[in-house]
Peer 1: 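One structure follows; several queries about it will come next.
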Amino acid sequence: MKTHKNMTNLEIAKLLKAVAAAHQVKPTGESNERFRIIAYERAADAVEHATSEMKDLWEEKKLSEIAGIGKTIADHLDELFKTGKVKHFEEIFKCLPPAMFELLDVPGVGAKTAEKLTKELGITKAHGALEKLHKAAEKGRVRGLEGFGEQSEKEITESIREVKERTRRLLLPHATGIAEDVIAWMKRKSGMDSIDTLGSLRRSASTVGDVDIAVASNKPEEVIRHFVEYPKKTKVIEAGRETASLLLPGGVQVDLMVQPPDAYGALLQHFTGSKHHNVALRVFALKKKLSLSEHGIKKGGKLLKVSDEQKFYKALGMAWIPPELREDQGEIDASVEHKLPKLVELKDIKGDLHMHSDFPSETSHDVGVNTLQEMAEEGKRLGYEYIALTEHNPKSAESEKKILEILREKKERVDKLNDKNIIKRVFNCLEIDIQPDGKLALPEKSFDFIDFGIVSIHSSFKATRDHQTKRVLAALANPKVKIFAHPTARKLNEREGVDFDWDKIFEFCKKNGKAVEINSSPQRLDLPDMLVHKAVKQGVKLTISTDSHAKDQMIGMRYGVSVARRGWAEKKNILNTLGYLDFKKALGVD
DNA sequence: GCCGTTTTCGGCCCGACTGTTTTCAGTCG
């Protein structure tokens with residue numbers, strides 16, 4: 001494992017996973033070995049999902065604040081950031097081929113298998129390790145090894161191909177669409193008491209791997225027979241008595257699980273996850289001498305079947321936990337103490353504050369496809385009291401005179417639109433670029449022509465955390481700027497978000513009455529849920545908006561609401577749940 | 001190696017599947 005001083009969270013996570021794997025392969029014989037492995041895996045997981053870069057936390061001496069990182073690993077990371085290496089880790093990796101850690105990415109290959117393969121096949125270097133194993137398996141050199149056979153060789157070949165072509169994770173709306181279509185097909189058949197999504201889809205995570213669906217029925221064979229007839233399938237992967245899997249175009253896998261109604265609650269709970277939630281829940285249950293599984297709740301060796309989820313949680317002495325919260329972020333304690341948040345709902349939303357009409361504002365970014373009026377009418381249809389039209393700012397290359405003309409023209413058109421009283425208010429706004437130096441891409445006089453501005457980053461994603469933080473704070477300081485839009489600027493499956501000092505940004509927003517946006521567009525879902533949770537804890541006001549470039553995208557508000565819910569947001573945390581007058585007052589606009 | 005309203009020592013989730021084996025280890029979610 002190569003290490004250096006500026007390792008990213010992803011690289012550090014991989015390093016910690018490698019340490020765990022090394023311990024599995026080279027047991028020291030100590031009795032706590034098993035748990036040390038688990039501890040390193042947990043730490044790797046925590047680093048991978050942290051909302052700040054470890055290096056930044058290290059500079060602030062806050063490494064141990066991450067759950068799963070104790071004194072020992074914090075010390076190792078301290079050494080890593082100071083010297084670029086960790087002596088203790090190097091000692092552990094000694095005599096192990098670097099190639100083995102690359103093979104861990106292959107599904108079905110764990111530490112033991114990886115080590116055996118690299119040793120037996122003479123693959124040592126990390127670079128190109130996957131290709132070498134792939135070739136060896138294709139040539140039939142794996143089947144002869146002890147503990148391997150034709151089956152496992154085939155498995156390896158297929159898994160590596162899968163890794164190479166790994167279809168990216170599905171975006172939430174895409175996965176939702178697929179699930180809704182499958183569910184509609186299933187409902188054409190009678191004999192099903194309930195049907196629900198499972199897994200990350202049911203928890204409304206931003207991206208989804210497989211689409212998993214649960215059915216309650218006393219006739220599992222019939223349900224499965226109907227399922228495998230799903231017209232859009234490209235292949236039936238497997239069809240057993242209680243489970244079946246289909247492959248859909250684009251490599252999307254849909255799994256179905258069927259249980260009788262009297263055991264459905266345990267099934268639903270178990271396969272909704274998350275893994276971390278379930279582990280924490282079982283630890284909690286053990287203290288009450290209860291053992292949990294997908295089959296039900298065991299007490300003194302006796303299995304209690306559970307028909308619905310409410311009963312499942314009630315049997316543990318807790319309130320039902322909304323799926324969005326099941327990430328082991330404190331929801332179990334909150335549930336026990338009956339302090340779960342009352343999560344915001346779609347019907348609470350009173351307006352959409354980020355959208356683009358076809359008004360020609362001479363921008364260098366995309367314009368929308370619908371007129372100002374069409375956007376307002378769609379807002380009315382969705383039951384909103386207000387919307388904000390936030391076209392991108394005109395190109396800075398235009399003369400100031402031209403820019404002011406464009407903005408005067410837009411203001412007139414919005415004024416006229418407001419005279420028609422389609423909804424209570426159409427706010428005349430702009431989405432303004434935050435330039436690399438923190439200046440806004442708009443002449444000062446322009447601000448007289450708008451009700452308020454939302455600001456966002458569309459370039460210069462790479463810079464130090466300190467620089468990026470100052471950049472945004474400078475932009476937010478403008479009194480007409482009210483909302484920080486798609487804050488991290490991440491694009492799911494495409495680019496990581498910008499690294500900020502969130503404590504500073506949130507503190508500034510709270511103090512100065514600036515709101516932070518949860519952008520609902522499928523590729524963004526930005527602010528990410530973990531940071532929403534942080535913002536909620538710090539008392540920062542949020543908005544949920546769609547960033548629609550066409551009126552039919554405005555329906556996507558539900559996905560932003562999902563993100564808010566995953567971040568523990570209640571109605572009171574979201575500014576655009578307020579009625580028109582209260583909203584105006586809260587945002588400080590006329 | 002981590003962690004703490006039953007513990008600063010002594011615990012640490014549960015079950016299924018798979019392939020290669022004669023009774024189980026490794027991996028996964």
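Letters A, B, ... mirror the listed sequences (proteins, then strands); counts begin at 1.
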Peer 1: For a quick check of understanding: with a heavy-atom distance under 4.0 Å over all strands, which category does A:K116 fall into, base, sugar-phosphate or nothing?
Peer 2: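 If one applies the 4.0 Å heavy-atom cut-off, A:K116 turns out to touch nothing in the nucleic acid.
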Peer 1: How about A:H533 and A:Q329: does a side-chain donor come under 3.5 Å of a side-chain acceptor?
Peer 2: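 A:Q329 and A:H533 do not have a side-chain donor-acceptor pair below 3.5 Å.
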Peer 1: Of all the choices, B:dG26, B:dG19, B:dG1, which nucleotide is nearest to the side chain of A:N32 once you look at every atom?
Peer 2: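 Closest nucleotide to the A:N32 side chain: B:dG1.
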Peer 1: Under 4.0 Å between any heavy atoms, over every strand shown, what does A:I69 touch: base, sugar-phosphate, or nothing? Just pick one.
Peer 2: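 If one applies the 4.0 Å heavy-atom cut-off, A:I69 turns out to touch the sugar-phosphate alone, with no base involved.
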Peer 1: May I ask which nucleotide in the shown strands pairs with B:dG29, Watson-Crick or G-U wobble, both distances under 3.5 Å?
Peer 2: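 Partner of B:dG29: B:dC14.
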Peer 1: Just to be sure I understand the rule, does A:F148 reach a base, reach only the sugar-phosphate, or reach nothing, if contact means heavy atoms closer than 4.0 Å?
Peer 2: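 Here A:F148 touches the backbone only, sparing every base.
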Peer 1: Any side-chain N or O of A:R282 under 4.0 Å from OP1/OP2 of B:dC13?
Peer 2: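 No, no such contact exists.
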Peer 1: Under 4.0 angstrom, heavy atoms only, what part of the nucleic acid is A:V283 near: base, sugar-phosphate, or nothing?
Peer 2: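 Sugar-phosphate, backbone atoms only, no base.
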Peer 1: Can you check whether A:H88 has a side-chain N or O nearer than 4.0 Å to OP1 or OP2 of B:dG1?
Peer 2: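 So the side-chain polar atoms of A:H88 do come within 4.0 Å of the phosphate oxygens OP1 or OP2 of B:dG1, strictly under.
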Peer 1: Categorize A:G68 for me: base, sugar-phosphate, or nothing, with a 4.0 angstrom heavy-atom threshold over every strand shown.
Peer 2: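 Result for A:G68 = sugar-phosphate.
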Peer 1: With a 4.0 Å cut-off on heavy atoms, is A:N278 in touch with a base, just the backbone sugar-phosphate, or nothing at all?
Peer 2: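 No contact.
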Peer 1: Nearest of B:dT27, B:dG1, B:dG15 to any side-chain atom of A:T72?
Peer 2: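 Side chain of A:T72 sits closest to B:dG1.
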Peer 1: Any idea which of B:dC12, B:dG15, B:dC14 is nearest the A:E294 side chain?
Peer 2: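 Taking heavy atoms from C-beta onward, the closest nucleotide is B:dG15.
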Peer 1: Scan A:S291 against the nucleic acid and name what it touches under 4.0 Å (heavy atoms): base, sugar-phosphate only, or nothing.
Peer 2: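 Sugar-phosphate, backbone atoms only, no base.
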Peer 1: In whole angstrom, give the distance that lies between atom CZ of A:R241 and atom P of B:dA16.
Peer 2: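 Rounding to the nearest Å, CZ of A:R241 and P of B:dA16 are 14 Å apart.
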Peer 1: Give a yes/no answer on whether the side chain of A:K287 brings an N or O atom under 4.0 Å of OP1 or OP2 in B:dG11.
Peer 2: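 Checking A:K287 against B:dG11: no side-chain N or O falls below 4.0 Å of OP1 or OP2.
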Peer 1: Check the angle between the aromatic planes of A:F81 and A:W58 and answer parallel, tilted or perpendicular using the 30° and 60° thresholds.
Peer 2: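 Ring orientation of A:F81 relative to A:W58: tilted.
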Peer 1: Whole angstroms only, please: what is the NE2-C1' distance between A:H276 and B:dC3?
Peer 2: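 Rounded to whole Å, this separation is 17 Å.
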Peer 1: Check the distance between B:dC14's P and A:I297's CD1 and give it to me in whole angstrom.
Peer 2: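 About 13 Å, once rounded to whole Å.
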Peer 1: Between B:dC3, B:dT27, B:dC14, spot the one nearest the side chain of A:L286, thanks.
Peer 2: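 Nearest nucleotide to the side chain: B:dC14.
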Peer 1: When you compare the side chains of A:Y313 and A:Q269, does any donor N or O come within less than 3.5 Å of an acceptor on the partner?
Peer 2: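 Yes - a donor-acceptor pair under 3.5 Å links their side chains.
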Peer 1: With respect to the phosphate group of B:dG29, does any side-chain polar atom (N or O) of A:K275 fall under 4.0 Å of OP1 or OP2?
Peer 2: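 False: A:K275 side-chain N/O out of range (4.0 Å or more) of B:dG29 OP1/OP2.
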Peer 1: Parallel, tilted or perpendicular for A:H76 and A:F89, by the 30°/60° rule?
Peer 2: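 Plane angle between 30° and 60°, so tilted.
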Peer 1: Base, sugar-phosphate or nothing for A:A43? Non-hydrogen atoms, less than 4.0 Å.
Peer 2: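 The residue A:A43 makes no contact with any strand.
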Peer 1: Using a 4.0 Å heavy-atom cut-off across all strands, classify A:E337 as base, sugar-phosphate, or nothing.
Peer 2: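 Nothing, no heavy atom under 4.0 Å.
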Peer 1: Using a cut-off of less than 4.0 Å, is there contact between a side-chain N or O of A:H295 and OP1 or OP2 of B:dA16?
Peer 2: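 Affirmative; the distance criterion is met.
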Peer 1: Go through B:dC14, B:dT27, B:dT20 for me and flag the one nearest to the A:K112 side chain.
Peer 2: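 Of B:dC14, B:dT27, B:dT20, B:dT27 is nearest to the side chain of A:K112.
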Peer 1: Once you apply a heavy-atom cut-off of 4.0 Å, does A:I37 come out as touching a base, just sugar-phosphate, or nothing?
Peer 2: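 Answer is nothing: A:I37 stays at 4.0 Å or more from every strand.
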Peer 1: Classify A:A111 by what it touches in the nucleic acid, base, sugar-phosphate, or nothing, heavy-atom distance under 4.0 Å.
Peer 2: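 It contacts sugar-phosphate atoms only.
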Peer 1: Nearest to the side chain of A:Q151, heavy atoms from C-beta on, is which of B:dT20, B:dC2, B:dC13?
Peer 2: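 Shortest atom-to-atom distance from the side chain points to B:dT20.
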Peer 1: Have a look at A:I38 and say if it touches a base, only the backbone sugar-phosphate, or nothing, with a 4.0 Å heavy-atom cut-off.
Peer 2: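 The residue A:I38 makes no contact with any strand.
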Peer 1: Please pick, from B:dC13, B:dT20, B:dG15, the nucleotide with the shortest atom-to-atom distance to any side-chain atom of A:V279.
Peer 2: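 Given the options B:dC13, B:dT20, B:dG15, the side chain of A:V279 is closest to B:dC13.
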